[in-house]
Amino acid sequence: MIVVLRLILALGGLTMIGLGGWFLYDQLLAEPSITTATAGWLLAGPVLTDLLLMPVAAAAGWALSRLLPSSLRAPVAAGLVVSTVLVAIAVPFLWRAYASNHNPGLVDGDYLAGLGTALIVTWVAVLLAALLNAVGKRWQSQ
């Protein structure tokens with residue numbers, strides 16, 4: 001049963017990938033002038049993420065796992081993961097905040113302030129989790 005469900009989900013995902021590729025191909029045939037911009041858009045995100053953002057997050061996680069006490073490791077690791085994802089999502093909006101041809105209802109926010117707020121909330125939650133973890137360990141030891 002699980003195998004059949006996985007196959008159905010995989011088939012649906014592959015169908016969506018194929019449909020997206022077909023629409024992209026159709027768009028590139030209609031307007032060859034956007035080929036370079038589209039290639040840059042398709043390649044820049046994964047390359048920047050894989051070569052810059054994720055190695056920095058991994059190195060920070062590795063270093064902090066060596067320096068932090070065990071009660072802080074899990075909350076800080078979670079905070080690093082959430083922070084990395086938030087930055088990865090925000091980079092396109094911060095990079096091209098004033099680019100032309102955008103949907104005014106979609107990209108009309110102050111993304112730097114939003115990112116800052118989300119990061120502050122994330123790290124306050126990390127501090128609270130670390131505090132609760134420390135209090136819980138002290139409570140158990142008594």
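Remember, predicted model here, so these are calculated numbers, not experimental data.
- A distance of 9.5 Å separates CG of L112 from OG1 of T117, quoted to the nearest 0.5 Å.
- For the atom pair OG (S71) and CG (N133), the distance works out to 5.5 Å, reported to the nearest 0.5 Å.
- With values rounded to the nearest 0.5 angstrom, L127 atom CG is found 11.0 Å from T122 atom OG1.
- Cluster partners of W123, by chain and number: L64, L68, L72, V76, L80, V126. The rule joins Ile, Leu, Val, Met, Phe, Trp and Tyr whenever side-chain heavy atoms lie under 4.5 Å apart.
- Hydrophobic cluster of V81: no remaining members, since no ILVMFWY side chain lies below 4.5 Å from it.
- With sequence neighbours left out, the side-chain contact (heavy atoms from CB on, under 4.5 Å) criterion links L52 to no other residue.
- Hydrophobic side-chain contacts under 4.5 Å tie V47 into a cluster, directly or through other members, with L51.
- Alongside L128, the hydrophobic cluster contains I120, V124 (criterion: ILVMFWY side chains under 4.5 Å).
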Tabulate below the donor-acceptor pairs under 3.5 Å that side-chain atoms of residues 85-93 make, not counting sequence neighbours, or state none.
none

Which donor-acceptor pairs under 3.5 Å do the side chains of residues 5-12 make with protein atoms, sequence neighbours left out?
none

